[in-house]
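A quick write-up on the structure given underneath.
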Amino acid sequence: MERIQSIRGMRDLLPADMPLWQFVEGTARDLLSRFNYSEIRTPLLEPTALFARGIGEATDIVAKEMYTFADRDGESVTLRPEGTASAVRAYLEHNLANELPLNRLWYLGPMFRHERPQKGRFRQFYQLGVELLGAAHPAADAEMIEILWEFAAALSLRAVSVHLNSLGCAACRPGYREALVEYFTGRVGELCPTCTERLHKNPLRVLDCKVEGCRRAAEGAPHMLDKLCAECAAHFDAVRAYLDQLGIAYALDHRLMRGLDYYTRTTFELLAEGLGAQNAVAGGGRYDGLVEMLGGRPTPAIGFAAGLDRIVMLLAEQGARAPEAPLVFVVALDTESHKSALSLMRELRRSGLRVECDVRCGSIKSQMKLADRRGARLALILGEEELRTGTVTLKDLAAAESADKQSRVPRQGLDALIRDKLRLRVSEEMRP
RNA sequence: GUGAGUGUAGCUCAAUUGGUAGAGCGCCAGACUGUGGAUCUGGAUGUCGAGGGUUCGAGCCCCUUCACUCACCCCA
């Protein structure tokens, strides 16, 4: 019998992986609530037209990476390849703009793209998205980048850097594009075959080609930042001033482009070392045109998406350990003890402690062994003796062999005693 | 979609020029039947990714196929 396994590019996040994931997600929730952003949850499945219109028909995502199929009634539906289009759709569908002039939103969940998997890239992957709708002011750009910066800081992400660029607007980008084509046309000979093609389809992409020859050819290319119109230039300068005020370090990166059609003006990325070729941890920017493209009134907006798979991978490589509540393991030696243990465990759990036992009810040895495997901090042993005297044997599994490693304590008020013991050990460990 | 590499016990890997599988770790059980993590002893486990071919004989050679990994492309 052939065993069924998960679909290519779609992986299981196993129990051992989850503490880090929960740490990352918890950190995001906590941070965003302090910036007073509201969570929004949208369906995984949307009408195909939403993405075709929002992201751009010509982008790779729409042209060849979407999970698109006919629903039972024939409607073309698509598993969301990113979150912004859905968030904006919901924003318009429920008239959120009418309730508030400024909407701060975030979401977190799986996205789907039918790409060839590789390190840091999956067909089902998780993104944290943050969107700020209704503000054209550069202060909004700065807030968005600050959130990303604070997120990285709260996670203690090492070896990451913020890259910043401006893509200009409908007024100045076409001019830049022309200048770029003109520049590269003069050195077609130095470009790789793909770039020769790109030159006509998407000249901006030539800038971030990895081939050595193209990189050299791109060195003297004109910069978007030099071709910005007066408004875009002023906007960008203001954003930079805010970032300086906040002490946020960034690198100007004139080769930083966005693959989705809806981006304008400010774009930024959080890049990390140690992720292989997929080194972008988060990316975002201003998308002043999207709301209107999706049928709403012209509304300025900015946002970013962070790749949680990559962040978790980075943290794991940096040896990060997610904090976990200490575990109390109850060991019962016979049927009577086990009955009594049930009540004890309920009590302790209701008092907020994390408690489990070995429901296989085997020998004390195998129970102790499981306690150890599970990483328990304390073992509570219940046997005939303890039942008779109204006590439990408390063993500190993490302590070195010593007189107070194990002791007989009264069952009354046990949870307070345990809390004391755990606090003590925690404070000991926190000393450098 | 393109290219390269890899597929042998739960995990990491080994198997001389083709002679029908082994180690470490892990797991389970024992070592004065009320005590884990160290040590010792014993034990279970593989259709050698799948299908076909060559051969007296294939984990090793050939073909096909699938999966995984990394890179390109693109992106988070």
Side-chain angles (χ1 to χ4, degrees), chain A residues 1-9 11 14 16 55 58-65 81-84 108 110-130 148 192-195 197-198 201-202 205 208-211 256-260 268-272 275-285 303-314 329 331-334 337 358 360 362-387 393-401 405-406 408:
Chain A
M1 190 69 133
E2 187 95 354
R3 272 211 294 196
I4 295 173
Q5 52 182 41
S6 63
I7 292 171
R8 176 200 294 260
R11 60 189 181 140
L14 298 174
I55 301 172
T59 61
D60 278 16
I61 292 180
V62 173
K64 48 192 200 197
E65 294 173 0
E82 55 102 42
T84 302
L108 184 159
M111 307 291 162
F112 304 84
R113 290 183 201 170
H114 194 107
E115 302 178 90
R116 193 78 164 257
Q118 71 183 74
K119 190 177 171 86
R121 192 170 72 183
F122 310 95
R123 288 182 174 182
Q124 174 174 337
F125 59 102
Y126 294 80
Q127 281 189 339
L128 165 69
V130 183
L148 182 54
C192 69
T194 26
C195 278
E197 226 173 281
R198 270 197 278 239
K201 250 172 47 190
N202 196 347
R205 285 252 158 262
D208 59 7
C209 181
K210 287 165 188 157
V211 177
L256 178 57
M257 293 300 153
R258 305 271 77 195
L260 284 54
F268 54 95
E269 246 175 38
L270 189 69
L271 299 180
L275 281 178
Q278 308 303 322
N279 63 345
V281 163
F304 74 81
L308 300 186
D309 306 78
R310 290 178 186 177
I311 287 174
V312 168
M313 199 177 292
L314 251 191
F329 202 98
V331 174
L333 300 187
D334 53 66
S337 305
D358 187 346
R360 297 172 304 175
S363 67
I364 180 171
K365 196 181 191 94
S366 68
Q367 292 184 48
M368 288 298 292
K369 208 161 180 170
L370 186 61
D372 184 58
R373 284 285 144 200
R374 298 289 278 154
R377 217 43 171 282
L378 294 177
L380 300 182
I381 303 168
L382 279 169
E384 275 178 53
E385 290 269 330
E386 287 83 355
L387 283 201
T393 294
L394 186 158
K395 183 168 187 172
D396 188 336
L397 295 176
E401 218 59 58
K405 182 176 171 66
Q406 183 168 326
R408 187 75 73 77

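Every chain is numbered from 1, with letters handed out A, B, ... down the list of sequences.
Using atom C1' as the reference point in both B:rC25 and B:rG19, the two lie 31 Å apart (nearest Å). Look at the P atom in both B:rC28 and B:rA38: the space between them is 12 Å, to the nearest Å. Between B:rA9 and B:rC70, the distance separating the two C1' atoms is 26 Å to the nearest Å. Distance noted for atom C1' between B:rC66 and B:rG10: 22 Å (whole Å). Using atom P as the reference point in both B:rG46 and B:rA50, the two lie 14 Å apart (nearest Å). Taking atom P on both nucleotides, B:rC75 is separated from B:rG7 by 34 Å, rounded to a whole Å. With both ends at atom P, the span from B:rU54 to B:rA29 equals 49 Å, rounded to whole Å. For the C1' atoms, the distance from B:rG59 to B:rU20 is 10 Å, rounded to whole Å.
A:Glu82 comes within 4.0 angstrom of no nucleic acid atom, judged by non-hydrogen atoms across all strands. Across all strands, A:Glu65 comes closer than 4.0 Å only to sugar-phosphate atoms, never to a base (heavy-atom distances). In this structure, A:Ala371 reaches neither bases nor backbone, as no heavy-atom distance under 4.0 Å exists between it and the strands shown. Within 4.0 Å (heavy atoms only), A:Gln406 reaches at least one base atom of the nucleic acid. Nucleic acid contact for A:Thr393: base, since at least one base atom lies under 4.0 Å from a heavy atom of the residue.
Not a single donor-acceptor pair, N or O on each side, falls under 3.5 Å between the base of B:rC66 and the side chain of A:Arg8. For B:rG34, its base sits under 3.5 Å from the side chain of A:Glu386 at one donor and acceptor pair at least. Evaluation of atom-type donor-acceptor distances gives a pair under 3.5 Å for the side chain of A:Asp372 against the base of B:rG36. With hydrogens and angles left out, the side chain of A:Arg121 and the base of B:rC74 share a donor-acceptor pair within 3.5 Å. The base of B:rG36 lies close enough to the side chain of A:Lys395 for a donor and an acceptor atom to sit less than 3.5 Å apart.
The 5' end of RNA chain B is approached more closely, in terms of each residue's nearest nucleotide, by A:Gly276 than by the other of A:Gly276 and A:Ala306. Between A:Ala277 and A:Gln127, the residue anchored closer to the 5' end of RNA chain B is A:Ala277, taking for each the nucleotide with the nearest heavy atom.
Under the Watson-Crick or G-U wobble criterion, with both distances below 3.5 Å, B:rU17 is left unpaired in every strand shown. Across all strands shown, B:rU33 forms no Watson-Crick or G-U wobble pair with both key distances under 3.5 Å. Across all strands shown, B:rC73 remains unpaired; no Watson-Crick or G-U wobble contact has both distances below 3.5 Å. In this entry B:rA44 has no Watson-Crick or G-U wobble partner, no candidate having both defining distances under 3.5 Å. In this structure B:rG59 sits in no base pair that meets the Watson-Crick or G-U test at under 3.5 Å. Nucleotide B:rU6: paired with B:rA67 (Watson-Crick or G-U wobble, both distances less than 3.5 Å). Judged by Watson-Crick or G-U wobble contacts below 3.5 Å, the nucleotide B:rU54 has no partner. Base pairing of B:rG24: its partner is B:rC11, meeting the Watson-Crick or G-U wobble criterion (both donor-acceptor distances under 3.5 Å).
Relative to the ring axis of A:Phe122, A:Arg11 places its NZ or CZ within 45° and under 6.0 Å from the centre.
The CG atom of A:Leu394 lies 11.0 Å from the NZ atom of A:Lys405; values are rounded to the nearest 0.5 Å. The line from CZ of A:Phe125 to CD of A:Glu82 is 9.0 Å long, rounded to the nearest 0.5 Å.
Taking atom CZ of A:Arg116 as the reference point, atom C1' of B:rG3 lies 9 Å away to the nearest angstrom. Distance CG (A:Leu378) to C1' (B:rU35): 15 Å, rounded to an integer number of Å. B:rG37 atom P lies 12 Å from atom CG of A:Leu370, rounded to whole Å. In this structure, A:Leu256 atom CG and B:rC75 atom P are separated by 11 Å, rounded to whole Å. In this structure, the CZ atom of A:Phe122 is 11 Å from the C1' atom of B:rA76, given to the nearest Å. Atoms CG (A:Leu271) and P (B:rC75) sit 14 Å apart, rounded to a whole Å. B:rC70 atom C1' lies 9 Å from atom NZ of A:Lys119, rounded to whole Å. A:His114 has its NE2 atom 12 Å from the P atom of B:rU2, to the nearest Å.
With hydrogens and angles disregarded, a donor-acceptor distance shorter than 3.5 Å links the side chain of A:Arg310 to the backbone of A:Gly120. Here the side chain of A:Lys395 pairs no donor or acceptor atom with the backbone of A:Gln406 at under 3.5 angstrom. The backbone N or O of A:Arg116 lies less than 3.5 Å from a partner atom in the side chain of A:Arg121, making a donor-acceptor pair. A:Gln124 places no side-chain N or O within donor-acceptor distance of the main-chain N or O of A:Gly9, the cut-off being under 3.5 Å.
Residue A:Gln118 places at least one side-chain N or O under 4.0 Å from the OP1 or OP2 atom of B:rA71. When the side-chain nitrogen and oxygen atoms of A:Arg373 are compared with OP1 and OP2 of B:rG37, none of them lie within a distance under 4.0 Å.
Looking only at atom types and distance, the side chain of A:Glu386 has a donor-acceptor partner in the side chain of A:Thr393 under 3.5 Å away.
The listed nucleotides are B:rC73, B:rG36, B:rA29; the one nearest the side chain of A:Met368 is B:rG36. When distances run from any side-chain atom of A:Ile364 to the nucleotides B:rU35, B:rA76, B:rC73, the shortest one goes to B:rU35.
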